[in-house]
Every structure is written in C-alpha cells, then in structure tokens.
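Residue numbers start from 1 in every chain, and the chains themselves are labelled A, B, ... in the order their sequence lines are given, proteins ahead of strands.
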There are 2 protein chains.
Amino acid sequence: MKILVVDDEKLLVKGIKFNLENDGYEVDTAYDGEEAVRLVSENKYAVILLDLMLPKIDGLEACRRIREFSNVPVIMLTAKTEDNDKLIGFEYGADDYITKPFNIMELKARIRAILRRSGTAERQDSEHRIVRGGIELDTLERSVTVNGVPVMLTVKEFDLLELFMRNPGRVYSRENLLSIVWGYDSPGDIRTVDVHIRHLREKVEARSAQPEYILTKWGIGYYFKQ
Amino acid sequence: MKILVVDDEKLLVKGIKFNLENDGYEVDTAYDGEEAVRLVSENKYAVILLDLMLPKIDGLEACRRIREFSNVPVIMLTAKTEDNDKLIGFEYGADDYITKPFNIMELKARIRAILRRSGTAERQDSEHRIVRGGIELDTLERSVTVNGVPVMLTVKEFDLLELFMRNPGRVYSRENLLSIVWGYDSPGDIRTVDVHIRHLREKVEARSAQPEYILTKWGIGYYFKQ
DNA sequence: CGTCTACTACCAGAATCTTCATCTCATGCT
DNA sequence: AGCATGAGATGAAGATTCTGGTAGTAGACG
C-alpha cells in the first residue's frame, strides 16, 4: 500500500511521511511536479497527495499528465485562499482535495475514504465504527458512548480519542499528538495536550484519577489501554 | 451498483463522480459518445447519465446505439435552452432527463427513481416517503408535514431536510452540504449554510432555539437527530 | 414592477482552546 | 525510608473560534 506525497515544503512532506508510515503505509516523496510524474510512471501507488504550487510543473499540470496514463486517485493539497481550487482540481482529474493547513487526522480520513471507494484493501482501521472496552466511537456521527451512555466530546477530544482507539497500546508523545491532532504547523504549547487529555478523561473515564483507558506512559506520553 | 457518467465537461463529470461515489455507487466516466457506447457494451450499468452535446457521437445518437443492444436506463443531461430536448431524448430511448445546471440532490433523486422503477436493489433510502419523529417528508410531492401540519419549504430547505432525514445521525460539514445540496460548481459562502439551517429550523422545529431534530455538532457541522 | 428566495456581511454571545500558576506524585538518589 | 527533582495533574482565567441572529442586497420569477 504505497502513497506518494508531493510538496515543495520539505518539512511538511516529512511530517506527512512520518505519520503515514506510522500507520503502516509505504510512503514515497517528491518535491516537484516533474519528479512526481516520473515516480508515478515507475511505481504503483494507492493514492497520491499533490500540492497545487510546485516547482517545474505545477500540481494541476502534473495531475493532468498523470491522468494520461493512470487512474490512480489524487488528493490535491490546496492553499486556503483560492476558493476555486476545488473545482479546478476536479477539472484536471483530482479525486478529492484538502485545504491547508489540515491536521493529519483529517488527511487520514480522506485517504481512508478514497481507499474505500477505490476498493483497495479494506483495512480494519478504515471502519467508521470502533469499539474497545466499554467505549464505542463512530466517526460518521462523530459520536461516542461509554457503557452505552452518550458522551459529548469537543473536536480535539474526539480526534484524540479516535487516534488512540485506532492504535491501542501505541504510545504518543505530546509532540506527536500536537502534530497529528493539531496540525503540522501548530506552534502550540506542549502542555495544551495535558489539558485536553484531562478533559477527555473526565468525560470518558469512570474515575479520571485512576484512568482505565487513556493511560500515561511516564516520561513519554499517553496511550490507549491495549 | 455501477453508474456511467458521460459528459465532455470534465469538471462536471468529476463532481458527479465524487458525489455518487460518496453515496456508495461505483462510477465509470466517459468524455465522448464513442467511448460511452464502448463502455456500455463491455460493462453492466444500473444507470447511464448521458449529456446531449458530446464529441464524436452526440448523446442522442449514442443513446440510440446503446438501445440497439441494451435496455439499461438512460438519464439525459440537457442544457436549459433547448426545450425540445426532452421529447427528442425520449424519442431516442431515454428514460428521464434533467436540465443543467442541476444540484446533486436532484440528480440522486432521479437516479433513485430510475433504480426503483427498474427494480434494481430496492435500497432503504430509495423510499420516497421518509418519516422520523413528527416529521414526514415526501420526495415525490416534495411536501413536508410536522406533526401532521403541512409546512412549506423552499428548494434548498427541502433538499437539506431530505439529506438529513435520509442519513440521521450522520454529521455533515458546511463544505459537505455546499457540495451536495448546492451543487458541484457552488462558489458559495460557507455561512450561507447557516442561514438556510436557521430557516429550516424556524419552519420545522417547535422552538428553533432548542432544536429537536436538526442539531449542531459544534466545530463540525449539522446532523439530524438519531 | 412587486414578491419571494438566496446570498453576504457583520455582531454578540457561547463554546472551546490555550496559557499559566500551582499542586501532586513517580522516580532515583543517599 | 526520606528527600530532591522533574513530570504529570489540576484549576482558573484570558484568548480565540464558532454559532445563531439581524439586516440588507442581489437575483429569480411571475
């Protein structure tokens, strides 16, 4: 399951690569349109993430050229300003688009949607309902119940919980969480994570002082009970 | 459940494909009449959306040729100007027609109607009457009653309500709603959705300040009470 | 031309997020 | 065991973002 990430911001590319690889995808990278087209012609990708603004050949043109020989799904990464990017993207053959800045959770959701649509390898984590212990989470409804009781979560709380529940046992540092849930360009304070974890525990745990699900790995970060 | 979309406006095709795939249909595309006929001869489609103006072979001729070997339902996509398209289309074997520009809800409704008629896989959401709580919605009459009292809705209000009632609990972002209800080429402001939601609430809810049916998912969008 | 619908801009209040100070507790050392 | 240290938990306030409402304009339609 290979994904190609194309953007001239190397930092962004590295961040996305890191996160997607952690999710079990294989990730190639390119920094300009020419290289992107070449890579696509030489490899078989499940999805391509393509920035609009690129050196040499821009994203739209690259998309058009790719379409000449491949039907691989393309997700365009667009800047917020340009309202029409969406349309233009579709016109040139893109399958979806996402506006920067985005957070990794959202990007992953789009990738899952694309893979589901293209029928590629229905992975366990492409499900929109996740149940672990007494916690049930539905990403379409963005709803959560604990032992059958509905719980209202805020956006950040929900995104945190979804990430944890998709990867139980895996420990995330605060830096990881900031970059995944808050976005790659979050300048935020590291302690902010603590506060949201606390709020999440208050809503999800029976006794937030002795958490049962969202546990602390001392000196490292947080994780969801295996 | 495969659908073939044929139009030379790639933008339009992509938009339709995107939306129909999100609804769980499989979508093939073609950009001229020749390719369309070839695809139909090689695949089994539940419905074909066929533009009138096409390169190589126009829509009518393509429709006629398809009819020589297949009874697959055809919905013609016609430009607004030509009033007689309808008749001509039927004459050449089309089953329905829809004038551009249309919005996705309307297109989906036509597709559902065709599928219902052709007896293909009677899906739950192909019903034309939906009742949830005190709200009854009839897509054929485009009428709505709340606790038995008829309510007059505008086009946008009705489309919003229909979408919500077909997918209770599912949360839609404003972007989702814009692209689904407003259409593939909507340049619209995101706040417009809020205003229509408010109007809808004023007509459907007992107290629109404490909505019972059309609820807000803070930071995400709107959804219909489960 | 008048009426109805749709769209946009703007504002105030509410919900959420962030920051910071303080408290508590796990850890490692003596 | 007792203590120092630093990491995590907690509480509260300020900043920010989001929503719902008002209002006014544009556009469609008869």
Side-chain angles (χ1 to χ4, degrees), chain A residues 80 83 99 101-103 105 142 151-161 171-183 185-205 207-223, chain B residues 80-81 99 101-103 105-106 142 151-161 171-179 181-183 185-205 207-223:
Chain A
K80 196 175 192 174
D83 263 19
T99 52
F102 49 84
N103 71 30
M105 291 299 284
R142 290 194 72 93
V151 174
M152 301 293 290
L153 298 187
T154 69
V155 176
K156 291 284 188 289
E157 289 158 9
F158 187 92
D159 286 352
L160 277 171
L161 184 60
V171 180
Y172 291 92
S173 71
R174 292 171 176 71
E175 287 84 358
N176 284 165
L177 295 173
L178 268 183
S179 88
I180 297 173
V181 173
W182 272 256
D185 61 351
S186 166
D189 190 285
I190 208 81
R191 292 285 130 203
T192 297
V193 176
D194 297 36
V195 176
H196 285 273
I197 291 286
R198 177 177 109 232
H199 290 155
L200 188 52
R201 281 173 170 165
E202 283 167 357
K203 293 182 180 179
V204 161
E205 303 281 1
R207 287 155 306 172
S208 72
Q210 292 95 43
E212 181 187 352
Y213 299 109
I214 297 151
L215 308 177
T216 304
K217 178 69 76 175
W218 218 87
I220 307 291
Y222 301 99
Y223 66 104
Chain B
K80 197 175 191 176
T81 51
T99 52
F102 49 84
N103 71 31
M105 288 299 285
E106 189 180 347
R142 288 192 73 90
V151 174
M152 299 297 292
L153 298 187
T154 69
V155 175
K156 292 284 188 291
E157 289 159 8
F158 186 90
D159 286 352
L160 277 172
L161 184 60
V171 179
Y172 292 92
S173 71
R174 292 172 176 72
E175 287 86 356
N176 284 162
L177 295 174
L178 269 183
S179 89
V181 173
W182 271 255
D185 60 351
S186 165
D189 189 282
I190 209 81
R191 294 274 120 212
T192 298
V193 177
D194 296 35
V195 176
H196 286 271
I197 291 287
R198 179 164 55 82
H199 291 156
L200 188 53
R201 280 173 172 164
E202 282 166 0
K203 293 182 181 179
V204 161
E205 302 281 1
R207 288 156 306 173
S208 73
Q210 293 96 43
E212 182 188 353
Y213 299 109
I214 297 152
L215 308 177
T216 303
K217 179 68 75 173
W218 221 91
I220 304 292
Y222 301 98
Y223 65 104

Enquirer: The side chain of B:Arg174 is closest to which nucleotide in this list: D:dT10, D:dT19, C:dA6?
Expert: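 Comparing D:dT10, D:dT19, C:dA6 against the side chain of B:Arg174, the answer is D:dT19.
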Enquirer: Grab the CD-C1' distance between B:Glu205 and D:dG20 for me, whole Å please.
Expert: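 Going from CD in B:Glu205 over to C1' in D:dG20 covers 14 Å.
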Enquirer: Contact class for A:His196 (heavy atom, under 4.0 Å): base, sugar-phosphate, or nothing?
Expert: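 Base contact.
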Enquirer: Search all heavy atoms of B:Trp218 against all heavy atoms of A:Val155 and return the closest pair with its distance.
Expert: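 Taking every non-hydrogen atom into account, O-CG2, 3.7 Å.
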Enquirer: Do any N or O atoms from the side chain of A:Lys156 and from the backbone of A:His196 form a donor-acceptor pair under 3.5 angstrom?
Expert: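 Here the side-chain-to-backbone pair does not exist.
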Enquirer: Without decimals, in angstroms, what is the distance between B:Tyr222 OH and D:dC18 C1'?
Expert: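 Nearest whole value for this atom pair: 9 Å.
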Enquirer: It should be established whether B:Trp182 places a side-chain nitrogen or oxygen under 4.0 Å from OP1 or OP2 of nucleotide C:dC7.
Expert: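 Checking C:dC7 against B:Trp182, a side-chain N or O does come within under 4.0 Å of OP1 or OP2.
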Enquirer: Would the distance check show the side chain of A:Asn103 and the main-chain N or O of A:Val181 forming a donor-acceptor pair, the cut-off being under 3.5 Å?
Expert: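 Between the backbone of A:Val181 and the side chain of A:Asn103 there is a qualifying donor-acceptor contact (under 3.5 Å).
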Enquirer: Rounded to whole Å, how long is the line connecting atom CD of B:Glu157 with atom C1' of C:dT5?
Expert: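 Checked: the CD to C1' distance equals 9 Å.
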Enquirer: Among D:dT19, C:dT19, D:dG8, find the nucleotide with the atom closest to the side chain of A:Asp189.
Expert: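 Nearest to the side-chain atoms of A:Asp189, counting from C-beta on, is C:dT19.
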Enquirer: Expressed as a whole number of angstroms, how long is the span from A:Trp218:CH2 to C:dT24:P?
Expert: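 The answer, rounded to whole Å, is 16 Å.
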Enquirer: Look at all strands and tell whether B:Val195 reaches a base, only sugar-phosphate, or nothing, counting heavy atoms closer than 4.0 Å.
Expert: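 Answer is base: heavy atoms of B:Val195 come under 4.0 Å of a base.
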Enquirer: Looking only at heavy atoms, what is the nearest atom pair of A:Ile214 and A:Glu205, with distance?
Expert: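 Minimum heavy-atom separation between A:Ile214 and A:Glu205: N-OE2, 2.8 Å.
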Enquirer: Mind checking B:Arg201 for me? I need base, sugar-phosphate or nothing, with any heavy atom below 4.0 Å counting as a touch.
Expert: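 Answer is sugar-phosphate: B:Arg201 comes under 4.0 Å of backbone atoms only.
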Enquirer: Does the side-chain hydrogen bond (donor to acceptor under 3.5 Å, both in side chains) test come out yes or no for B:Arg174 and B:Tyr222, once each step is laid out?
Expert: CA-CA 8 Å; B:Arg174 292 172 176 72; B:Tyr222 301 98; 3.0 Å; yes
Enquirer: Rounded to the nearest angstrom, tell me the gap between atom CG in B:Leu215 and atom C1' in D:dT19.
Expert: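 Atom-to-atom, B:Leu215 to D:dT19, this comes out as 14 Å.
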Enquirer: Report the distance from atom CD1 of A:Ile197 to atom P of C:dT19, rounded to the nearest whole Å.
Expert: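 Result: 16 Å.
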Enquirer: Ignoring hydrogens and angles, answer whether the base of D:dG11 and the side-chain atoms of A:Arg198 contain a donor-acceptor pair closer than 3.5 Å.
Expert: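 In this structure, the two groups form a donor-acceptor pair.
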Enquirer: Within the pair B:Thr216 and D:dG20, is there a side-chain N or O less than 4.0 Å away from OP1 or OP2?
Expert: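 Result: yes.
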Enquirer: Just how far, in rounded Å, is C1' of D:dA7 from CD1 of A:Ile220?
Expert: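 It works out to 11 Å between those atoms.
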Enquirer: Just checking B:Thr154: base, sugar-phosphate only, or nothing, at a heavy-atom cut-off of under 4.0 Å?
Expert: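 Sugar-phosphate: the residue B:Thr154, judged by heavy atoms under 4.0 Å, touches backbone atoms but no base.
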Enquirer: Has A:Arg191 got a side-chain N or O lying under 4.0 Å from the OP1 or OP2 atom of D:dG8?
Expert: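 Answer yes for this pair, as a side-chain N or O of A:Arg191 is under 4.0 Å from OP1 or OP2.
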